[in-house]
Amino acid sequence: MEIRKTFHDHLREIQDEVLVMGSMVEKAIGRSMEALKQRDLDIARQVIANDASINDKRFDIEERCIELIATQQPMASDLRTIISVLSIIGELERIGDHAEGNAKIAVMIGDEPPLKPLIDLPRMAEKTSDMLRRSLDAFVHRDAEAARALVAEDDEVDQLWDQVFRELLTFMAEDPKTMTRATRLIWAAHNLERSADRVTNICERVVFLVTGKMEEIGASKY
Amino acid sequence: MAARLKDMVALISSERDRFSVTLSNMADGIVVVDGESRVTLVNRAAEAMFEVTEAEAAQNSFVNVVRDYELDDVLQRCLRSREQQAGMVETSRAKRSLGIVATPLKENPGCLLLIRDLTEFRRLESVRRDFISNISHELRTPLASLKALAETLREGALDDTSVAKDFLGKMTTEVDRLAQMVDELGELSRIESGDSPIRREFFNAAGTIEQAAARLRAQAERAGVHLDSSIPPDLPQAIGDRERVERVLINLIHNAIKFTDAGGSITVSAETEGGNLRVSVADTGIGIPADDLPRIFERFYKADKARTGSGTGLGLAIAKHIVEAHGGAIWAESTEGRGSVFSFSLPLS
């Protein structure tokens, strides 16, 4: 009895650490977009520096999970929880890398004159952050239905990505001198599109955690 | 014995009620956690701050409730060190600035967290900072010109009469600009303090609007912008200070001309809506970023800091104060890259 209690305490701690990591990643997405929008190099450098902490957090959670498997031999839903956590933290780390990528793009852009006001890119960032937060809600509440529903929202990010891509192509076609600046913004939009896709992977893991079945819920357009 | 016990229970019960009332009426969020970071108590302010009910929060971990790693970090530092810890955190969920103080509890290994929403305070701080930086910028530009012109005159241009005349003309323009700024700041402060009362008399609203548009038509033409007005013939008379309402219109139209590229257009329209007169100045200009929109009526606030206009940066602030002194409202809607609509409404009675 005592052993199981200890095991579940550990599991709860791990789940809390996933939420901590999720919040770190969510802030990285928001702050890298702020850096791009405001052309604020200080914020950009802060996001780049913080990425190491996100990676450390991933390794720390991974180690705890491995230790728990090795010492407690969990089964059934406990084992599924740990397997899901291992997968979710991988996705979170990659989303963090995409945010770091956008902060690096902000540094590259530096004080170059802006090509256009950023409107759809912040929308993509906001939507991705919102999806990320809700995917972790679904994880905490073991809510497979909410996770399934969330996957469909990726279409919104895909549409915005389409829109940004087409618009920036127009800029490049009209004036080849905008090529470098437009390409950088396309990278930034692509990073966000990939981040939203990774959120859908988290949702699939939540469904697996609840149902025990691996499901490809919705194939991304890209 | 029974009576004493009863008194004691009543006393404890009344103390508890008092504590509970104090806690629930506090404007600051209070969260109490145990040594395992699990929430044991949240007050009403904290429930609203984190959009949870006490029942949802109870026995959940603090990070699960607040979903913010920086807030959680302050708590963890306090739990580890058993010393008071504090921090300032920008939340990503509602983009708020929260001040947090975590204090270890003496009687158990838990902590008490006091969380204060400092969003408004931070906003005002940023308004004050921007005001100082903007006013110094506005003063520096004409002063730098004056200094350069005076130095050039001293270094020999004074001997060339035609150049000296030209320079003196430019110096006068700069001095006029400074004087205008001082006048406008004075006007703003008088309207704000109520020292310069707003007259309340009937005036011809349609005529005032047309007159303001007519005064700026030549300037719009020079900028290659088409300025049009659409005023219904049966527009009723308005009540207020005609000269000042015209000033509002001039400021709005002048602003629209400044931020509309050649080939664009500006339309001034008016209508009655409920018991109000509503006047709008719509342009096809560069628009205003959504983040800047709430701040454009602040003194010297400039959405595009790189764009140095000819104005003093006080036009919209003056317009806002005049309209509000009439008991009306002023607002702006805008889509970046497509244009803006500045509207104000004045009560008709």
Side-chain angles (χ1 to χ4, degrees), chain A residues 5-6 8-34 37-39 43 46-47 50 53-54 57 92 96 99 111-120 122-123 125-126 128-130 132-137 139-141 167 171, chain B residues 33-39 50-52 56-57 59-77 79 87-98 100 126 130 259 285-293 295 303-307 334-340:
Chain A
K5 186 175 177 292
T6 310
H8 282 109
D9 282 346
H10 284 305
L11 210 53
R12 199 165 20 228
E13 276 174 22
I14 286 174
Q15 179 173 293
D16 285 347
E17 287 303 297
V18 173
L19 295 179
V20 166
M21 190 176 173
S23 162
M24 291 166 97
V25 173
E26 198 187 322
K27 287 199 177 187
I29 298 172
R31 286 175 183 165
S32 60
M33 188 43 60
E34 201 60 23
K37 224 171 118 183
Q38 309 289 348
R39 287 181 283 158
I43 299 181
Q46 191 194 334
V47 173
N50 282 356
S53 313
I54 295 178
K57 184 59 78 183
L92 287 176
D111 53 6
E112 276 176 18
L115 180 62
K116 64 181 281 297
L118 300 187
I119 297 165
D120 288 330
R123 278 188 198 147
E126 210 152 294
T128 306
S129 286
D130 178 58
L132 172 60
R133 194 182 311 131
R134 287 191 290 139
S135 71
L136 294 179
D137 279 343
F139 165 66
V140 169
H141 298 117
E167 191 188 8
F171 269 95
Chain B
V33 298
D34 64 15
E36 307 280 296
S37 312
R38 270 180 239 161
V39 174
F50 301 111
E51 294 166 27
V52 286
E56 284 165 349
Q59 287 309 308
N60 261 314
S61 64
F62 181 66
V63 71
N64 196 346
V65 173
V66 301
R67 292 298 179 87
D68 191 295
Y69 82 97
E70 288 166 309
L71 288 174
D72 187 58
D73 184 52
V74 176
L75 166 65
Q76 298 309 323
R77 279 191 278 125
L79 286 172
M88 265 299 300
V89 173
E90 301 286 327
T91 67
S92 50
R93 200 181 331 194
K95 304 219 175 340
R96 283 198 312 245
S97 305
L98 301 180
I100 174 170
S126 131
D130 287 353
F259 294 102
I286 58 167
I288 304 157
D291 288 350
D292 292 310
L293 215 47
R295 298 194 58 187
D304 184 353
K305 307 215 169 23
R307 202 170 168 126
S334 184
T335 309
E336 232 184 319
R338 289 198 191 152
S340 312

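We name chains A, B, ... by the order of the sequence lines, and we start the count at 1 in each one.
Salt-bridge formation is not detected for the pair Glu90(B)/Arg31(A): no Lys NZ or Arg NE/NH1/NH2 atom is positioned less than 4.0 Å from an Asp or Glu carboxylate oxygen. Looking at Glu51(B) and Arg133(A), no side-chain N of the basic residue comes within less than 4.0 Å of a carboxylate O on the acidic one, giving no salt bridge.
Heavy-atom neighbours of Gln76(B) CD from other residues, nucleotides or ligands within 6.0 Å: above the threshold of 12.
Within the 4.5 angstrom heavy-atom criterion, no atom of Asp130(A) approaches chain B. Of the two parts of Glu17(A), neither the backbone nor the side chain holds a non-hydrogen atom closer than 4.5 Å to a non-hydrogen atom of chain B. Contacts of Val20(A) with chain B are made by both backbone and side-chain atoms, with heavy-atom separations under 4.5 Å. For Val89(B), the part lying near chain A is the side chain, with the backbone staying farther off; criterion is any non-hydrogen pair under 4.5 Å. For a residue to count as touching a neighbouring chain, one of its non-hydrogen atoms must lie under 4.5 Å from one of that chain's; by this rule Asp72(B) touches chain A with the side chain only.
With rounding to the nearest 0.5 angstrom, the CG atom of Asp291(B) is 6.5 Å from the CD atom of Gln38(A). Taken from CZ in Arg12(A) to CD in Gln59(B), the straight-line distance is 8.5 Å, to the nearest 0.5 Å. Here Asp73(B) contributes atom CG and Met24(A) contributes atom CE; the two are 9.0 Å apart, rounded to the nearest 0.5 Å.
For the pair Arg38(B) and Asp9(A), the tightest heavy-atom approach, listed with the atom from each and the gap, is NH2-OD1, 3.8 Å. The two residues Lys27(A) and Thr91(B) have their closest heavy-atom pair at NZ-CA, 4.3 Å.
In this structure, the side chains of Glu26(A) and Asp68(B) stay at 4.5 Å or more apart for every pair of heavy atoms.
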